[in-house]
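When a ligand or atom number is given, it counts from 1 through the structure's own listing order.
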Amino acid sequence: MSVSAPARLDARTLLGPRHWARVEGWGMAVSALGHLVRPRDIDELRALFAFARETGTPVTLRGGGRSYGDAAIGQGCLILDLTAMNRILSWDPETGIVDAEPGVTIEQLWKRIVPDGWWPAVVSGTMFTTMGGCAAMNIHGKNNYRVGPFGDQVLEFDLLLPNGELLTCDRERHADLFHAAIGGFGMLGCFTRIRLRTKKVHSGNLAIEAFPTTSIPHMIEEFEDRVPDADYLVGWIDCIAGGRSSGRGIVHRADYLREGVDPVPRESLVLRAQELPSKVFGLPKSLLWWPLGLFINDTGMRAVNAAKFHAGRLLPVGAVYPQAHAAFAFLLDYVPNWKWAYKPGGLIQYQSFIPRANAARTFETLLRMSRKAGLPAYLGVFKKHRPDPFLLTHAVDGYSLALDYRVTAGNREALWRLCHRMDEVVLAAGGRFYFAKDLTLRSRTAARFLPRENLDTFVALKHRCDPGNVLQTDLSRRLFASHFADTGQQDP
Ligand SMILES: Cc1cc2nc3c(=O)[nH]c(=O)nc-3n(C[C@H](O)[C@H](O)[C@H](O)COP(=O)(O)OP(=O)(O)OC[C@H]3O[C@@H](n4cnc5c(N)ncnc54)[C@H](O)[C@@H]3O)c2cc1C
């Protein structure tokens, strides 16, 4: 381990007089009161870590705050918002390799590289996530089955430990830490630089095909047929329709255009061609969340889902149309702040990952359980995954279904109970969960879905890198309080 530099900045100055803030999980169903600070560089980060150690204040790391639940909030913590560390340090348009500070967003990244004919190889469904947040959760895209998660694109990173040491990690140097900090939900240290490879593209457009499916087994069949050669696959599922319509949906396939297919790539690669439209149905996008709110109830969503499914059935079979990368990747960003339609209670997302052989049966059961409980999911998104080498990976050789549920004061308790019952179904199927989305897991469940050996190794690394348990979030306290408890060891 390298020698730590002394903290030379006064953290109290960085904190300032008005630093208390209420910070929400993205789904608005949970919040925490903490000291919010935006460090601008490693020196400020070091000073804040030193302050935290001296005063016994726990630290929560936060990127774009796009985790649905409590992964980036910490009650009473020093919440370090890393979005001011947002410089792209280097970009090589010959190799497609970028060095970025942790607060650089996916939006910043694609806007920088797309004119040179590159695209981030793995993106989330929103472009407002940061490099640090994406690495800490090891996010997956709609191409997870093909290229693996975000971590598979990372070549190396610098990690600042709570004791001020800065470690450079890759697949050889501190390889254990490399595979644990990626997906380590901000528990081992703070990423301060991430080196990433990106994907060469020969057009600003993808070739898109959409087709309806009548059930989850049918959707899986269609995925499996296309997995060998499709670049992206994603399914939408109508989670409200029951009976013979249960599990019906629409699959979207997207493929990169091979070199030479787009006759004038420089035209489709300009930023203008990638920007999302500023108006939808003639309305300014910023206002759209409000009318959307009128549909966020069982009746409204039943009608919206039916209309969407039947519109999908009208699509001509085999029709392929072009769509810009950003438009395909960030569909959810078309309506800024669409989550406000879920106010006042917010929403949670329940995403489970199930091995292929059990996927259809398990997801059908989850949908039935939700409907029976009178708590249907309003949105269901289906993806295919593959295993990866990261210690706490959420991926399996199989499928995931992400279910969005509205939270209200009246349904909250019943919804949490439903999630706990669904947890048992997922565990029985050999499934996994994803901390970026979670708000309802219990610690005993978390300890059961992670392989024992992996959890033990992670806990040992936590004790080595952060013996004072400085790094905490409300998620880590909810799920791993006893595992991460301060060991009383001194910093190495
Ligand atoms: C609309 C929407 C769509 C989404 N689509 C997808 C998707 O398709 N695939 C997917 O996998 N996820 C998806 N997500 C989830 C999202 O990608 C993850 O929650 C991601 O981690 C958010 O990044 P962030 O920068 O907002 O991080 P935050 O939510 O702020 O933080 C996430 C975690 O990273 C830690 N962290 C943040 N910065 C650092 C750092 N510098 N060093 C160490 N730890 C750090 C935090 O402590 C926290 O545990 C989606 C979320 C939303 C809201």
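Between Y399 and F363, the distance separating the two ring centers is not shorter than 6.0 angstrom. Ring centroids of Y145 and H385 are separated by 6.0 Å or more, keeping the two rings apart.
At a 4.0 Å heavy-atom cut-off, ligand 1 does not touch K142 at all.
Partners of S443 under the side chain to side chain donor-acceptor pair (under 3.5 Å) rule, at least two apart in sequence or in another chain, do not exist in this structure. For the salt bridge (charged side-chain N to carboxylate O under 4.0 Å, His left out) test, no residue two or more places apart in sequence or in another chain qualifies with E24.
Distance from atom 4 (C) of ligand 1 to its nearest protein heavy atom, with residue and atom name: G125 N, 3.8 Å. When only non-hydrogen protein atoms are considered, atom 9 (N) of ligand 1 lies nearest to H140 O, 2.7 Å. Summary of contacts: the protein heavy atom closest to atom 37 (C) of ligand 1 is G63 N, 3.6 Å. With hydrogens left out, the protein atom closest to atom 48 (C) of ligand 1 is A71 O, 3.2 Å, a heavy atom. The protein heavy atom nearest to atom 31 (O) of ligand 1 is A72 CB, 3.6 Å. Of the protein's heavy atoms, L61 O, 3.0 Å lies nearest to atom 46 (C) of ligand 1. The protein heavy-atom contact nearest to atom 25 (O) of ligand 1 is T130 OG1, 2.6 Å. The protein heavy-atom contact nearest to atom 32 (C) of ligand 1 is S67 OG, 3.3 Å.
Annotation: cation-pi pair K142/F328 present, NZ/CZ under 6.0 Å from the ring centroid and within 45° of its normal.
Atoms of ligand 1 found under 4.0 Å from any heavy atom of F191, numbered from 1 in the order shown, are 40 (C), 41 (N), 42 (N), 43 (C). For ligand 1 and R62, the ligand atoms under 4.0 Å from any heavy atom of the residue are 30 (O), 37 (C). Those atoms of ligand 1 with a heavy atom of L82 less than 4.0 angstrom away are 38 (N), 39 (C), 40 (C), 41 (N). If you number the atoms of ligand 1 from 1 as listed, the ones under 4.0 Å from a heavy atom of A136 come out as 34 (O), 35 (C), 36 (N), 44 (N), 45 (C). Residue-ligand proximity, P102 to ligand 1, at heavy-atom distances under 4.0 Å covers atoms 41 (N). Under a 4.0 Å criterion applied to the non-hydrogen atoms of L332, ligand 1 contributes the atoms 1 (C), 3 (C).
Judged by distance alone, the side chain of N411 and the main-chain N or O of T408 form a donor-acceptor pair under 3.5 Å. Looking only at distances, no side-chain donor or acceptor of T445 sits under 3.5 Å from a matching main-chain atom of L441.
Polar contact with ligand 1: absent for T473 (N/O pair, distance under 3.5 Å). Note: no N/O pair closer than 3.5 Å links T129 and ligand 1 by distance alone.
The residue from G184, G132, G65, A181 that puts a heavy atom closest to atom 38 (N) of ligand 1 is G132. In this structure, of I139, T126, D333, the residue bringing a heavy atom nearest to atom 3 (C) of ligand 1 is T126. Within the set A436, G186, G74, S400, the minimum heavy-atom distance to atom 44 (N) of ligand 1 is found for G186. Evaluated by nearest non-hydrogen atom to atom 52 (C) of ligand 1, the leading choice among Y68, F330, F435 is Y68.
R22 and S31 share a side-chain donor-acceptor pair at under 3.5 Å. H394 and H140 form a side-chain donor-acceptor contact under 3.5 Å, judged by distance and modelled atom types alone. Counting only N and O atoms by type, the side chains of Y350 and D423 include a donor and acceptor under 3.5 Å apart.
Considering only heavy atoms from C-beta on, L82 comes within 4.5 Å of P39 through its side chain.
Residues Q108 and G103 approach most closely at OE1-O, 3.9 Å, considering heavy atoms.
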